[in-house]
There are 2 protein chains.
Amino acid sequence: MTPAAGRALEAAGKLFYERGIHAVGVDLIAAEAGVTKKTLYDRFGSKEQLVVEYLADRDERWRAFLTRWLEELEARDAEPDAAARILAVFDASRAWTAEHSTKGCSMVNAHAEISDPSHPAHPIITGQKRWMLDLFTRLAGEVDQGRAEELGRSLMLLHEGALVAHGLQIFDDPVAEAGRRARELLHVHGR
Amino acid sequence: MTPAAGRALEAAGKLFYERGIHAVGVDLIAAEAGVTKKTLYDRFGSKEQLVVEYLADRDERWRAFLTRWLEELEARDAEPDAAARILAVFDASRAWTAEHSTKGCSMVNAHAEISDPSHPAHPIITGQKRWMLDLFTRLAGEVDQGRAEELGRSLMLLHEGALVAHGLQIFDDPVAEAGRRARELLHVHGR
DNA sequence: CACCCACTATACCGATCTGTATAGTCTACG
DNA sequence: CGTAGACTATACAGATCGGTATAGTGGGTG
């Protein structure tokens, strides 16, 4: 990734997320990044590809962030129980949204603007959600093997709801609220 | 509302919801509705106003649908308890999404495309969410007065999460799943 | 019959959209 | 020193954007 390409992707990400994908033109992205359209098209080929790389980048960053967060938990607490790891997911999400996200989930927002299921960005969006559901389900299985899927879905609903509520700013700190609710859920089901 | 205006609003609603607001031009709306752009601008004045009326219409329909659903519960069961009324909200949402909505919540999706908080559509979006939160909180208060707000928020998170999950089609019938989870929540808190 | 109003049809405005072309500058490397 | 590649600057093509103007049609009402 050349320096200009990096600046372009960064500017595109910021603008796409804050204003929406269709509302942002490539001229604005180029201007904001201090890059010419020529360079932009030499590196990315099309706006659609730029959108794809924006979402792929955001997806990768979130997964890395969450993975690292969970690894750090493992480093602090030698043998954290499953409930602690589930709650750590909500903690990570809270830290992430506080820093990177004031308009909700970029995947959900992008999905609102992409109608065609054959759009190359589509598998990235659904892929991240499936990954999160799998993660929740796997962790839930360590709490109550028999109800792993059910519990995983519940955690997924709370988490997605919290991201939406955070974006719409309906009430304060919904991700923390979702975390507390997850804790209750685990107390009921676990042990 | 003249006949042509009605057709235009209907076509605009369908297109805005399915393809996104910025992705749909007024020429397409006019063509789809069998209406000229002249008529469209005579009736609505601007695309922005058309967007506002689309959201206001959708908001009003949903509130009327839910209100009627709860009234019918009251008619069947003379004195339904609060838990039954809360679960009826999820039932209504399930019926609504099955019929009107395959891409998630139109308010959330519109919010993804509207960055400016001073946009006239903004209060409609936040208004509906606030209305839902108030409704959940009020009903929750009849279950456990002391934890009305906390319980109301939890129900809100589950409900919003279910709408997102429905739109992304992550797993089957997430609204029903959210309803079952709400039932559990009420059993823990209630009585 | 005359009038009004919602409507259609069509052509156009300026602005902006994605995408491309040409020409030239800077820097790192062999 | 010379070359290659990443870059800037600028201009433009073709399409579409939101929005407007003009002219004419059809049905209902006084």
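Naming: A, B, ... by sequence-line order, numbering from 1 per chain.
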Close N/O contacts between protein and nucleotides 19-29 of chain C (under 3.5 Å):
{"from": "C/dG19", "atom 1": "OP2", "to": "A/Y41", "atom 2": "OH", "distance (Å)": "2.9"}
{"from": "C/dG19", "atom 1": "OP2", "to": "A/K47", "atom 2": "N", "distance (Å)": "2.9"}
{"from": "C/dG19", "atom 1": "N7", "to": "A/K37", "atom 2": "NZ", "distance (Å)": "2.8"}
{"from": "C/dG19", "atom 1": "O6", "to": "A/K37", "atom 2": "NZ", "distance (Å)": "2.3"}

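- For A/R63, the salt bridge (charged side-chain N to carboxylate O under 4.0 Å, His left out) partners are A/D59, not counting sequence neighbours.
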Show me, pair by pair, the donor-acceptor contacts under 3.5 angstrom made by side chains of residues 27-36 of chain A, not counting sequence neighbours?
{"from": "A/D27", "atom 1": "OD1", "to": "A/K37", "atom 2": "NZ", "distance (Å)": "3.3"}
{"from": "A/T36", "atom 1": "OG1", "to": "A/T39", "atom 2": "N", "distance (Å)": "3.3"}
{"from": "A/T36", "atom 1": "OG1", "to": "A/T39", "atom 2": "OG1", "distance (Å)": "3.0"}

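- Computed from coordinates, the B/D42 CG to D/dG18 C1' distance equals 15 Å when rounded to whole Å.
- For B/L9 and C/dA6, the CG to C1' distance is 17 Å, given to the nearest whole Å.
- Atom CG of B/L28 and atom C1' of D/dG18 are 14 Å apart (whole Å).
- Remark: A/R7 does not engage A/E10 in a salt bridge, criterion side-chain N to carboxylate O under 4.0 Å.
- For residues 78-116 of chain A, the ring-ring contact (aromatic ring centres under 6.0 Å, His included) pairs, not counting sequence neighbours, are A/W62-A/W96, A/F65-A/W96, A/F90-A/F136, A/F90-A/H159, A/W96-A/H100, A/H111-A/H122.
- A side-chain hydrogen bond (donor to acceptor under 3.5 Å, both in side chains) check over residues 162-174 of chain B, counting only residues at least two apart or in different chains, returns the pairs B/R94-B/D173.
- For the ring-ring contact (aromatic ring centres under 6.0 Å, His included) condition, the pairs that include at least one residue of residues 10-29 of chain A, sequence neighbours left out, are A/F16-A/Y54.
- Between the CG atom of B/L155 and the CG atom of B/L87 there is a distance of 9.0 Å, given to the nearest 0.5 Å.
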Atom pairs, protein N/O to nucleotides 4-6 of chain D N/O, distance under 3.5 Å:
none

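- Taking Ile, Leu, Val, Met, Phe, Trp and Tyr as members and joining any whose side-chain heavy atoms lie under 4.5 Å apart, directly or through other members, the hydrophobic cluster of B/Y41 also contains B/V26.
- For A/D134, there are no salt bridge (charged side-chain N to carboxylate O under 4.0 Å, His left out) partners two or more places apart in sequence or in a different chain.
- Residues in residues 151-166 of chain B take part in these salt bridge (Lys or Arg N to Asp or Glu O under 4.0 Å) pairs, two or more places apart or across chains: A/E177-B/R153, B/K129-B/E160, B/E149-B/R153.
- As rounded to whole Å, 11 Å separates atom C1' of C/dC17 from atom NE2 of A/H22.
- By the side chain to side chain contact (heavy atoms under 4.5 Å, CB included) test, B/E74 is found to be paired with B/P80, B/R85, residues two or more places apart in sequence or in another chain being considered.
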5' to 3', nucleotides 25-30 of chain D under a 4.0 Å protein heavy-atom cut-off (B base, S sugar-phosphate only, - none) gives ------
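- Rounded to whole Å, the distance from CG on B/L40 to C1' on D/dT20 is 13 Å.
- Protein atom CD1 of B/I29 is 10 Å distant from nucleotide atom P of D/dC17, rounded to whole Å.
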